[in-house]
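All values reported here derive from a predicted model rather than from experimental measurement. Computation of the quantities below employed the complete heavy-atom set of this structure, encompassing side-chain atoms and omitting hydrogens, waters and symmetry-equivalent molecules.
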Amino acid sequence: MPRRQAPPDAPRIGRNGVIWLAVYAVGLAVCHYFVIAPPFAYLGFEKVPPNPLVALVMIPTYVLCARRLPVSWERPSAIVYWMLFLIVVAPIHVLPMFTTDLSTPVWLMVGAVALAFWLLGGIYSVPLVSLPRPVISPRLYWPAYCLVWLGLLAVVIGYYGLQFRLVSLSEIYAIRDTYRESFDQVPKFARYAIPWLGNVVAPIAIARGLMTRRWSWALLGVATELFLVSITGFKQLLFSSILVAGVVILVKTSDIRRIGYRVAALVGCGVFAVTTYDFVTNGFSLSSILVRRLVLTTAINTKYHFEFFLDNPKAHLGYGLLARWVDYPYDLSPAFLIGQVYYGNPETSANANIWADAYANFGLIGVFAFTGILALVLRFIDSVARGLPTGLAIAALAQSAFSLSNTAMLTVFLTHGMLLAVVLVYLMPLGDGQPKRPPPLQPRHQGGRQPVAPDRAGDGDLPRPAGPTSVPAPAESPDGASPMPAARPENSGSERQP
């Protein structure tokens with residue numbers, strides 16, 4: 001039986017963080033009204049003034065969800081939870097202010113998603129469990145990792161050819177159409193190899209290269225992403241390197257225990273900066289890419305999913321996993337069905353997020369059932385990631401976090417490679433991923449060096465002097481976070497005996 005540990009220190013974000021997240025929501029509303037709605041009304045963005053009464057109704061649930069966010073990112077699942085808030089929860093609270101038809105689907109969407117998000121945050125209120133994990137040497141793990149990397153690349157090259165070239169944004173859609181037309185000509189495993197490489201293998205390589213200054217790893221990871229873009233035309237892979245690099249830089253330059261405040265401030269300032277630039281220049285290019293496509297469209301598509309499947313038969317996974325046992329009533333999968341009904345194009349995939357897809361398949365029961373499944377997966381990866389270099393497990397989940405915010409959960413688990421990321425983190429050796437640093441100078445005792453105690457935590461921290469048996473070891477602070485020095489520390493940073 002797994003042994004239960006003391007609850008992790010995962011305090012919720014405080015008042016300052018909630019204020020910045022409120023700034024983020026206001027920024028989304030300003031961008032919607034002044035920049036996005038006028039040119040994109042044909043995509044469902046209504047050109048109406050914000051309704052202040054609806055805003056007052058939305059404030060309580062928005063604040064409750066914001067207060068649920070962990071301020072610490074010591075647990076890698078935090079990036080998933082934060083991404084779901086920023087890309088799903090926040091825009092579905094902004095959209096009703098600009099919706100003239102406030103019918104049942106709108107309120108059902110806000111209530112179901114907000115409650116599901118709040119319940120998912122319960123994983124930070126219960127203790128983690130100590131799960132057994134294999135002890136694999138870095139000298140074995142990383143060469144094996146490279147073999148997996150090369151094997152997946154060989155599969156992709158074998159079916160799609162070696163055609164590495166830099167792709168311009170004007171070529172993206174033509175390349176994407178060609179790639180989709182090839183689905184019937186290649187086996188499913190070959191189609192899986194591309195997102196596994198782009199969403200999991202290459203991001204981990206980039207993160208490890210940046211964290212350990214193994215620049216060849218980072219360069220080869222970026223080259224892999226660009227190679228996949230030249231085959232698929234997927235812009236998500238194009239920006240994957242930027243996302244992972246940003247996560248690593250954020251983790252390395254911030255206090256991981258309070259990183260939530262910096263993230264909240266960055267997104268709050270960022271959305272206003274993008275909106276201001278487009279408003280002043282009388283354009284919408286940046287806002288269209290960074291706000292409309294990444295954030296606000298999620299709310300539009302989520303509303304469409306709840307609206308259509310409220311009165312029409314649910315999908316019950318009859319288009320995929322349960323196709324053999326379910327009589328599926330439609331010709332298209334839910335995302336393409338929504339594209340046909342609301343955008344007039346059966347080739348448009350109106351992806352939304354985990355909760356929109358869950359409602360399309362099983363209604364409200366599906367929303368909370370899928371939330372429970374995701375909670376179990378996140379708790380597992382939090383439990384097995386303890387002791388790994390800070391930031392490496394977060395980078396492994398970065399792309400999956402983004403995918404859960406705009407794609408069905410089962411698709412993210414299998415096709416996009418989230419379960420592969422969980423396995424790689426589970427097998428990852430402890431202590432690898434940080435740059436090598438020389439040990440601190442040890443105090444001398446009776447003309448010689450004192451013995452050095454081994455690192456019992458196995459987390460890759462530097463060793464500390466054990467001291468002679470006649471001298472008591474430094475006492476631990478009440479919270480167990482760090483040892484309290486027995487004497488005033490020297491400027492060198494090492495603890496010397498009194």
Given the rule in the side-chain contact (heavy atoms from CB on, under 4.5 Å) test, do L197 and F227 qualify, once you have shown the distances and angles that lead to the verdict? CA-CA 10 Å; L197 276 170; F227 168 62; over 6 Å; no
Check step by step if side-chain contact (heavy atoms from CB on, under 4.5 Å) holds for L228 and F234. CA-CA 8 Å; L228 297 177; F234 289 162; over 6 Å; no
Apply ring-ring contact (aromatic ring centres under 6.0 Å, His included) to Y62 and F85, showing your working. CA-CA 10 Å; Y62 185 83; F85 179 86; 5.3 Å; yes
Assess the residue pair T99 and E46 against the criterion (side-chain contact (heavy atoms from CB on, under 4.5 Å)); give the C-alpha distance rounded to whole Å, side-chain angles, the decisive distance to 0.1 Å, and a yes or no. CA-CA 7 Å; T99 302; E46 297 188 47; 3.9 Å; yes
Is there a side-chain contact (heavy atoms from CB on, under 4.5 Å) between T224 and V201 once you walk through the steps? CA-CA 9 Å; T224 300; V201 177; over 6 Å; no
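A side-chain donor-acceptor contact under 3.5 Å links R133 to the backbone of V384. Distance alone, capped at 3.5 Å, is enough to place a donor-acceptor pair between the Y81 side chain and the G121 backbone. A donor-acceptor pair under 3.5 Å is formed between the side chain of R68 and the backbone N or O of W118. Not one N or O on the side chain of Y319 forms a donor-acceptor pair closer than 3.5 Å with the backbone of P334. Looking only at distances, a side-chain donor or acceptor of N406 sits under 3.5 Å from a matching main-chain atom of F402. Side-chain N or O atoms of R379 include one that pairs as donor or acceptor with a backbone N or O of P127 at under 3.5 Å. No donor-acceptor pair closer than 3.5 Å links the side chain of N199 to the backbone N or O of Q399. Within the 3.5 Å criterion, the main-chain N or O of T253 finds a donor-acceptor partner in the side chain of R262. Formation of a donor-acceptor pair under 3.5 Å by the W82 side chain with backbone atoms of P70 is found in this model.
Remark: H416 NE2 to T407 OG1 distance equals 5.0 Å, nearest 0.5 Å. Rounding to the nearest 0.5 Å places CD1 of I354 at 4.5 Å from CG of L374. Once rounded to the nearest 0.5 Å, the distance linking OG1 of T275 with CZ of F284 reads 14.0 Å. With rounding to the nearest 0.5 Å, the separation of NZ in K303 from OG in S103 is 8.0 Å. Rounded to the nearest 0.5 angstrom, Y24 OH and L266 CG are separated by 12.5 Å. Rounded to the nearest 0.5 Å, atoms CG (L419) and CG (L424) are 11.0 Å apart.
No hydrogens or angles considered: nothing links the side chains of N353 and T298 as a donor-acceptor pair under 3.5 Å. Using a 3.5 Å distance cut-off with no hydrogens or angles, the side chains of S240 and E225 do pair a donor with an acceptor. Residues T348 and Y342 have side chains that never bring a donor and an acceptor to within less than 3.5 angstrom of each other. For the residue pair R12 and S125, a side-chain donor N or O sits within less than 3.5 Å of a side-chain acceptor on the partner. Between Y343 and N301, the side chains place a donor N or O and an acceptor N or O closer than 3.5 Å (distance only, hydrogens not considered).
Contact check for F309 versus N361: no side-chain heavy atoms found under the 4.5 Å cut-off. A heavy-atom distance below 4.5 Å is not found between the side chains of F368 and F362. The shortest side-chain heavy-atom distance between L95 and L296 does not fall under the 4.5 Å cut-off. Residues I256 and I394 are in side-chain contact: their nearest non-hydrogen atoms beyond the backbone lie under 4.5 Å apart. Within the 4.5 Å cutoff, the side chain of V156 has no heavy atoms near those of the L152 side chain. Between F117 and V88 the shortest side-chain heavy-atom distance does not fall below 4.5 Å. D278 has its side chain within reach of T281: a pair of non-hydrogen atoms, C-beta onward, lies under 4.5 Å apart. Proximity of S287 to F279: side-chain heavy atoms (C-beta onward) are nowhere separated by under 4.5 Å.
Ring geometry for Y359 against F306 counts as parallel: the plane angle stays under 30°, on a 0 to 90° scale with 60° as the upper cut. Using a 30° and 60° split on the angle between ring planes, Y33 and F98 fall in the parallel class, below 30°.
Counting all heavy atoms, side chain and backbone alike, M428 lies closest to I204 at CE-CG2, 4.3 Å. Taking both residues in full, the closest heavy atoms of S333 and Y328 are given as CA-OH, 3.5 Å, listed atom of the first, atom of the second, then distance. In terms of heavy atoms, V129 sits closest to R386 at O-NH2, 3.2 Å. Shown here for L397 and A421, the closest heavy-atom pair between the two residues is CD2-CB, 4.5 Å. When all heavy atoms of G198 and L237 are compared, the pair lying nearest together is CA-CD2, 3.6 Å. Across all non-hydrogen atoms, the minimal contact from I13 to A264 is CD1-CB, 4.4 Å.
Other residues, nucleotides and ligands contribute at most 12 non-hydrogen atoms within 6.0 Å of the OH atom of Y277. The number of heavy atoms from other shown groups lying within 6.0 Å of OH (Y159) does not exceed 12. Enclosure of atom CG in L322 by more than 12 non-hydrogen atoms of other residues, nucleotides or ligands within 6.0 angstrom is indicated.
For the side-chain contact (heavy atoms from CB on, under 4.5 Å) test with V274, the passing option among V35, L286, I289 is L286; the others fail.
Relative to the ring axis of F40, K47 does not place its NZ or CZ within 45° and under 6.0 Å from the centre.
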